K.L.:
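Got a structure for you, questions after.
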There are 2 protein chains.
Amino acid sequence: MPTVSSEELAAAAGVNSAKLRKDFSYLGSYGTRGVGYDVEYLVYQISRELGLTQDWPVVIVGIGNLGAALAGYGGFASRGFRVAGLIDADRAMTGKQVAGLTVRHTDELEPLIKESGVSIGVIATPAGAAQAVCNRLVEAGVTSILNFAPTVLNVPEGVDVRKVDLSIELQILAFHEQRKAGEEAELREAEAADAVQGGKPAADAAARPTAAKKRTGQGPDGDVPAVMPA
Amino acid sequence: MPTVSSEELAAAAGVNSAKLRKDFSYLGSYGTRGVGYDVEYLVYQISRELGLTQDWPVVIVGIGNLGAALAGYGGFASRGFRVAGLIDADRAMTGKQVAGLTVRHTDELEPLIKESGVSIGVIATPAGAAQAVCNRLVEAGVTSILNFAPTVLNVPEGVDVRKVDLSIELQILAFHEQRKAGEEAELREAEAADAVQGGKPAADAAARPTAAKKRTGQGPDGDVPAVMPA
DNA sequence: CCATCTTTGTGCACGCGTTCACAAAGGCAT
DNA sequence: ATGCCTTTGTGAACGCGTGCACAAAGATGG
Ligand SMILES: NC(=O)c1ccc[n+]([C@@H]2O[C@H](COP(=O)([O-])OP(=O)(O)OC[C@H]3O[C@@H](n4cnc5c(N)ncnc54)[C@H](O)[C@@H]3O)[C@@H](O)[C@H]2O)c1
Ligand SMILES: NC(=O)c1ccc[n+]([C@@H]2O[C@H](COP(=O)([O-])OP(=O)(O)OC[C@H]3O[C@@H](n4cnc5c(N)ncnc54)[C@H](O)[C@@H]3O)[C@@H](O)[C@H]2O)c1
């Protein structure tokens, strides 16, 4: 398959083809009208733009359950990331082999960063230690941080932080789950109310009516979730 | 601290106070003008709205490095999530204790979900197995899925999927990192160009001029990242 | 060489989330 | 009781991303 059209790519990615073309247009005009995009060339251009053609050394701090899993994760290497070092404060951990790498003590954090030219740090320590670790990383020259600890990190301007909070991910799912349950209950209510005509409940459920529209005064304080955007 | 103002909360969270008030208003009018919000009451209302007052049983499928870390993570229980069961396809894993729970074989997936009333599933299997696992989860009644495998899952309508892709998180950081480097380089160029007057480089850097504005024709194909929104 | 057909690149409009700004509400001191 | 001061709740405006629709471009066949 030497070329692809924006339509095909959009269908595969589940997005609008116009959006996809507009996004590509920011990278330049790499397509050929009437034909589509040259796959190989496009992959290269996107890779280059995303920085995948570079080698990014990364340091992981906090080699506990999560840190160890991350250290051994093969999916990083394939995207151009290389684990340059593993750091832990626990002396018992120091020197141990994790995923083929030797765990080094926190004391060696700064020299490691400077020697390896690390600019991306991953924090997988307990929440209490995260800010202190963050400060040391930034001080040593790290300008991008991926934070797994459930804390908001304060960093100087010019430093990027991305936070991955798995509890919040689950909470978001639970929130929608609760809403789904509430909608269903309300639907059943409505069904029972006008049970005169034999409606098509399945079709109604699929049509997703804007249920729970207004706070229905049924509980003392409204046990049904309020309506908010998205 | 019995009450807080929207201004205080907004500062702590790093958002606009008007946005925060408008968000709260979707839950109802729980504030008192001239005073602020009653902390205890607000916490309860938000918890209830988010579904934190409920108990959410969760099943984790794929007890490898990541799955085991998740199983042992204490941060879930504190938000109302309870690991109802651990599932793995590897017979060697079956029966083993992980984080105080016994790993059960994939055969027991359906009965586990039905017995425990699980509606949220976590997929931590290799990418190749993810879709099959997803299908079985959905078939058994799970309507929310947290997916760690680097694959796009196809699910029927009414099922929510959230995907956590750690490689993409790193890629986003690397992308900004690359852009920062490009901006700096361009800044140094500009500095060298009008080095006639002794400017204040530090202040300039802080002001973050919209550098890299247009594709500067310096490389054969532009080695500087293009400009795109956000 | 011209006509036709496909697909790109993009101007424009729409919709939604965010922010501004202010009237209304309530506490509190006099 | 009255007036002042603080803070909420929200209408209106703004900005930005998304999607529509189409002209321009280029390939392809006659
Ligand atoms: N395990 C999970 O699945 C999971 C999920 C979501 C979030 N998290 C978060 O990730 C972080 C780590 O989780 P975990 O389960 O791996 O915890 P863990 O206790 O297993 O590991 C923490 C590690 O950090 C090390 N450490 C402590 N202080 C340090 C410091 N100042 N410098 C360097 N290393 C230090 C400890 O020695 C330990 O090895 C926690 O903040 C946790 O909330 C974990
Ligand atoms: N380890 C990480 O830090 C990390 C980071 C990002 C993403 N991921 C992704 O998470 C997934 C798991 O990663 P891992 O490092 O834990 O891998 P792993 O190989 O250590 O664990 C995978 C586990 O899944 C089990 N499994 C395989 N097929 C199964 C099936 N059909 N049903 C049930 N269980 C099955 C295996 O027996 C194994 O125990 C992968 O998709 C990986 O790409 C992992």
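Per chain, numbering begins at 1; letters A, B, ... match sequence-line order. All of these numbers come straight from a predicted model, not from anything done at the bench.
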K.L.:
If the condition is ring pair (Phe, Tyr, Trp, His ring centres under 6.0 Å), which residues does A:Phe24 pass it with, not counting sequence neighbours?
P.N.:
A:Tyr37
K.L.:
Hey, is the side chain of A:Ser6 poking within less than 4.0 Å of OP1 or OP2 on C:dT7, counting only N and O atoms?
P.N.:
no
K.L.:
Could you list, one pair per line, each protein nitrogen or oxygen that sits under 3.5 Å from a nitrogen or oxygen of nucleotides 18-21 of chain D, together with the distance?
P.N.:
{"residue": "D:dT18", "atom": "OP2", "partner": "A:Lys19", "partner atom": "NZ", "Å": "3.0"}
{"residue": "D:dG19", "atom": "O6", "partner": "A:Lys22", "partner atom": "NZ", "Å": "2.7"}
{"residue": "D:dC20", "atom": "OP2", "partner": "A:Asn16", "partner atom": "ND2", "Å": "3.1"}
{"residue": "D:dA21", "atom": "N6", "partner": "A:Arg21", "partner atom": "NH2", "Å": "3.3"}

K.L.:
Tell me, please, which residues at least two apart from B:Phe76 pass ring pair (Phe, Tyr, Trp, His ring centres under 6.0 Å).
P.N.:
B:Tyr73
K.L.:
Examine C:dG9: is either OP1 or OP2 under 4.0 Å from a nitrogen or oxygen in the side chain of A:Tyr37? Give yes or no.
P.N.:
yes
K.L.:
Compute the bend angle of the helix from C:dC1-D:dG30 to C:dT30-D:dA1 from the end axes (five pairs per end), rounded to 10°.
P.N.:
0°
K.L.:
What residues, two or more places apart in sequence or in another chain, satisfy side chain to side chain donor-acceptor pair (under 3.5 Å) together with B:Ser119?
P.N.:
none
K.L.:
Take the protein atom CG of A:Leu20 and the nucleotide atom P of D:dG17, then report the distance between them rounded to whole Å.
P.N.:
17 Å
K.L.:
I'd like to know if the side chain of B:Glu7 and the backbone of B:Ser17 have a donor-acceptor N/O pair within less than 3.5 Å.
P.N.:
no
K.L.:
Report the distance from atom CG of A:Leu42 to atom P of C:dG9, rounded to the nearest whole Å.
P.N.:
10 Å
K.L.:
Cut-off 3.5 Å, no hydrogens considered: what does the side-chain donor-acceptor table look like for residues 53-60 of chain A, sequence neighbours left out?
P.N.:
{"residue": "A:Gln54", "atom": "NE2", "partner": "B:Gln178", "partner atom": "OE1", "Å": "2.9"}
{"residue": "A:Asp55", "atom": "OD2", "partner": "A:Arg82", "partner atom": "NE", "Å": "3.2"}
{"residue": "A:Asp55", "atom": "OD2", "partner": "A:Arg82", "partner atom": "NH2", "Å": "3.1"}
{"residue": "A:Trp56", "atom": "NE1", "partner": "A:Gly51", "partner atom": "O", "Å": "2.9"}

K.L.:
Enumerate the residue pairs fulfilling side chain to side chain donor-acceptor pair (under 3.5 Å) with a member in residues 165-174 of chain B, sequence neighbours excluded, ordered by first and then second residue.
P.N.:
A:Arg162-B:Glu169
K.L.:
Show me the pairs that pass salt bridge (Lys or Arg N to Asp or Glu O under 4.0 Å) and involve residues 137-148 of chain A, at least two apart or across chains.
P.N.:
none
K.L.:
Please identify each residue that fulfils side chain to side chain donor-acceptor pair (under 3.5 Å) with B:Arg136, with sequence neighbours left out.
P.N.:
B:Glu110
K.L.:
Going by the rule side chain to side chain donor-acceptor pair (under 3.5 Å), which residues pair with A:Ser144 if we only count those two or more places apart in sequence or in a different chain?
P.N.:
B:Glu177
K.L.:
Measure from CD on B:Glu7 to C1' on D:dG9 and round the result to the nearest Å.
P.N.:
14 Å
K.L.:
Could you tell me which residues satisfy side chain to side chain donor-acceptor pair (under 3.5 Å) with B:Arg33, sequence neighbours excluded, listed by chain and number?
P.N.:
none
K.L.:
Within this structure, what is the CG-CG distance for the pair A:Leu170 and B:Leu70, rounded to the nearest 0.5 Å?
P.N.:
8.5 Å
K.L.:
Between protein and nucleotides 25-30 of chain C, map the contacts as a letter string: B base, S sugar-phosphate only, - none, heavy atoms under 4.0 Å, written 5' to 3'.
P.N.:
BSS---
